[in-house]
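To keep things clear, I will list the structure first and then write my remarks on it.
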Amino acid sequence: MDKAKRSYFLPSKLVTLFDRECTKGGYVRERVVAAAIANFLKASPVDRHEMFVYLDQLMTGGKGKK
């Protein structure tokens, strides 16, 4: 069976930081991800767009696309 292809990837630096912040705050990683997904699904299309723009800025180091 083929693996599902992803249209994005998260750098290991971001994943490591996420793990560290979850541990520091005493949160369970899976629950944080579930809450984020639920928040995304409940958001309006405009809010979802803003979330993707913010993620893109994180991934590109704050540089806007030209």
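Residue numbers run from 1 in the order of the sequence given. Because only heavy atoms are used, hydrogens play no part in the values below, and waters and symmetry mates are left out as well, while side chains stay in.
Scanning all heavy atoms of the two residues, the minimum distance from Arg48 to Ala43 falls at NE-O, 3.4 Å.
In terms of the side-chain contact (heavy atoms from CB on, under 4.5 Å) criterion, residue partners of Thr16 (sequence neighbours excluded) are, by chain and number, Arg20. Listed by chain and residue number, nothing satisfies the side-chain contact (heavy atoms from CB on, under 4.5 Å) test with Ala35 (two or more places apart in sequence, or in another chain).
Hydrophobic cluster membership is shared by Val33 and Leu41, with clusters built from Ile, Leu, Val, Met, Phe, Trp and Tyr side chains linked at under 4.5 angstrom. The hydrophobic cluster containing Val15 does not contain Met51, counting ILVMFWY residues as joined when their side-chain heavy atoms lie under 4.5 angstrom apart, directly or transitively. Note on Val32: it clusters hydrophobically with Ile37, by side-chain heavy-atom contacts below 4.5 Å among ILVMFWY residues.
Judged as a ring-ring contact (aromatic ring centres under 6.0 Å, His included), the pairs with a partner in residues 30-51 (not counting sequence neighbours) are, in order, Phe40-Phe52. Applying the side chain to side chain donor-acceptor pair (under 3.5 Å) rule to pairs touching residues 22-43 yields Asp19-Arg29, Glu21-Lys24, sequence neighbours excluded.
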